[in-house]
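Let me begin by presenting the structure, written as structure tokens, before commenting on it.
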Amino acid sequence: MVDIDPWSSEVSTDYDRIIQQFGLESMPFAEIPNPSMHHRRGIIFAHRDLGNILQAQSRGESFGVMTGLMPSGQMHLGHKMVIDQVRWFQEQGADVTIAVADLEANATRGYSLAECRKVALEEYVANYVAMGLDPERTNIYFQSMRPIVQRMGFTLGKRTNLSEFEAIYGFKGDTNLAHVQAPLVQAGDILHPQLDEYGGLRPIVVPVGVDQDPHLRLCRGLAGKTNWFNVNDRKNGGLRITVSIMDENQSIVAGDKATTKAVFEQIVGALKGLGYSDIMADAKHGIVDLPAATKSDRYPIRMALLTLERSMGGPGLLQPSSTYHRFAIGMTGGKMSSSMPETTIFLNEDLKKMEKKFKRSFSGGQSTVEEHRRLGGNPDIDVAFQYLKFFFEEDDAALEEIRRGYVAGDILSGELKMMTVDKASTWLTELSELREQNAHLVDEFLADDAR
RNA sequence: GGGGGUAUAGUAUAGCCUGGUAGUACUACCGGCUCCAGACCGGUGGAGGGGGGUUCGAAUCCCUCUGCCCCCA
């Protein structure tokens, strides 16, 4: 995990470094249809394989968005950011799957499953309802009630080992094994929506903060290792498909010569459907070349091969896509953390408490009025401004006007705080009303196996 | 299977040997300063894992359970 220095005004370079370090891709802002506030403001700054999602969407094919919740503690603004993104994907046509990590909360935090359920419904789902997710296309399930995710975690565990966990998570000999199981079950959570019973093969995107990337890297690695067919760049241009022979599929894809030949005929058959005229299959060397294929062809090719793999009895799992958002600064200027209530605002926060928190929040103002008028404030480190930017001011022009006013010294820090408090009050009040009004919908969000 | 260590406030820790007011730092909260916050100054909260024993009195000594750490096999 990379520490993100909240004091730094050179935030963008930090995030550039993260993109480098984590091997992420920058957000292709120009290609995002109907960009949200988070996209426009660069809050969502990177992704992995988002192209899969965008391609599926532009072709009118199905795609999904996945997230999870730990049913402990209260929902706060940090959670809102993720749900806003989930809702955006839903508005773009995604189906939504939400995992309640009750097994994990039970094993690592000592909550009973009954408590988990209560917290999940009353604290989390109630807010999802209020934040406008569509119950028709949202499925919330409990890990404990969907055994397939545990089974998948078990199976996927074959593709990794303790050394990798040590490297990714810093686990050591003293690590409780419940913490070792959790990421595997989580991989099951992320991948299982692709199963035929849960919507079938389609790209799934997981919006997260960068601190969650290790989970996704693991999950992508695990999924990739189960694939029977590889798609790689070909030296002379185009793409090359090779067959990955392992214990599980040896008898199916690599028996005698006749079997191998038949497999390659099937690969060619699957690719023909995509309209390539030049398919160079070489069963003897175990390769199929597509000289004319381009980078953007990877996705349809991959999907065709996964479909073929499934028809042959393989798991046919597509690596999940992901997007990465910046973290909002904590109220006190440091990190926002649910274990430190003074650093964030809860979605059911009392308005007076909220106001108090803003009044106490770190500012980017100067020491005296005179200095402030002369030098202006620094919105990059000013909590009130950052909260308008991340959460409460949807209007870009209005936000920019406030920013200019603050930088110019026309708006004092105290004034900016009051503006933010007003906005936050309105939002929290509306959210609370919506929670009440729509409480009856909570049940409709639950998957059949969660009722 | 055997042996050793450890458990103190939200966090990090002192005190235990030699029983007698649980101390410190950060955090939190309140006040001052400040347009506000921070910094700074002043103040206020909050704690010995569970059970049992010894004792007038136990964080401290003993037993035990539980959690965590380590060593040997």
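Letters A, B, ... mirror the listed sequences (proteins, then strands); counts begin at 1. These numbers come from the heavy atoms of this one structure, side chains and all, not from hydrogens, waters or symmetry mates.
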Side-chain donor/acceptor of A:K417 to base of B:C36, under 3.5 Å: yes
C1' spacing across the pair B:G23 / B:C56, given as an integer number of angstrom: 26 Å
Checking one value: the base orientation of B:G48, syn if chi is within 90 degrees of 0, otherwise anti. syn
Once you round it to whole Å, what is the distance between C1' of B:A37 and CD of A:Q386? 15 Å
P atoms of B:A58 and B:C17, separation to the nearest Å: 14 Å
Interatomic distance at C1', B:A9 relative to B:G5, whole Å: 24 Å
Pair assignment for B:C68, Watson-Crick or G-U wobble, requiring both distances under 3.5 Å: B:G5
Can you tell me the pairing partner of B:U24 across any strand shown, Watson-Crick or G-U wobble, with both distances under 3.5 angstrom? B:A12
Does a side-chain N-to-carboxylate-O contact under 4.0 Å join A:R403 and A:E400? yes
Mind calculating the distance between NZ (A:K353) and C1' (B:A28) to the nearest angstrom? 13 Å
Please list, for nucleotides 32-34 of chain B, all pairs of protein and nucleotide N/O atoms separated by less than 3.5 Å.
{"from": "B:U34", "atom 1": "O3'", "to": "A:S367", "atom 2": "O", "distance (Å)": "3.3"}
{"from": "B:U34", "atom 1": "O2'", "to": "A:S367", "atom 2": "O", "distance (Å)": "2.2"}

Using only side-chain N and O atoms of A:K356, determine if any of them is under 4.0 Å from OP1 or OP2 of B:C30. yes
Using the P atom in both, what is the distance from B:U18 to B:C62, to the nearest Å? 10 Å
Rounded distance in Å between the C1' positions of B:G53 and B:G19: 15 Å
How far, in whole Å, is B:A7 from B:C61 if one measures between their P atoms? 10 Å
In this structure, how many angstroms lie between the P atom of B:A28 and the CE atom of A:M331, rounded? 13 Å
Taking the six-membered ring for Trp and the single ring otherwise, decide whether the centroids of A:H325 and A:F327 are under 6.0 Å apart. yes
Are A:W88 and A:H38 near enough that their ring centres are under 6.0 Å apart? no
Between the side chains of A:K80 and A:E349, is the shortest nitrogen-to-carboxylate-oxygen separation below 4.0 Å, so that they form an ion pair? no
Applying salt bridge (charged side-chain N to carboxylate O under 4.0 Å, His left out), can you list everything that pairs with A:R220, at least two apart in sequence or on another chain? A:D49
I want to check something: taking the side chain as every heavy atom from C-beta on, are A:F63 and A:V205 in contact at a cut-off of under 4.5 Å? no
Distance, rounded to the nearest Å, where A:R374 contributes CZ and B:C35 contributes P: 13 Å
With both distances under 3.5 angstrom, what nucleotide forms a Watson-Crick or G-U wobble pair with B:C40? B:G32
Output yes when A:D189 and A:R146 qualify as a salt bridge under the 4.0 Å nitrogen-oxygen rule, no when they do not. no
Nearest whole angstrom, please: distance from the P of B:A37 to the CZ of A:F362. 12 Å
Using the P atom as the point on both nucleotides, what is the distance between B:U60 and B:G15, in whole Å? 15 Å
Can you measure A:Y406 atom OH to B:C36 atom P for me and round it to whole angstrom units? 13 Å
Rounded to whole Å, CE of A:M340 lies from P of B:C26 at a distance of 15 Å
What is the nucleic acid contact for A:K357, judged by heavy atoms within less than 4.0 Å: base, sugar-phosphate only, or nothing? nothing
Donor-acceptor pair between A:Y324 and A:D213 side chains, under 3.5 angstrom: yes
Presence of A:R360 side-chain N/O under 4.0 Å of B:G38 phosphate oxygens OP1/OP2: yes
Given B:U27, B:C35, B:G38, identify the nucleotide with an atom nearest to the side chain of A:E342. B:U27
In whole Å, what separates the P atom of B:A28 from that of B:A39? 9 Å
Across every strand shown, the nucleotide meeting Watson-Crick or G-U wobble geometry with B:C61 (both distances under 3.5 Å) is B:G53
Are A:F165 and A:H179 close enough that their ring centers fall under 6.0 Å? no
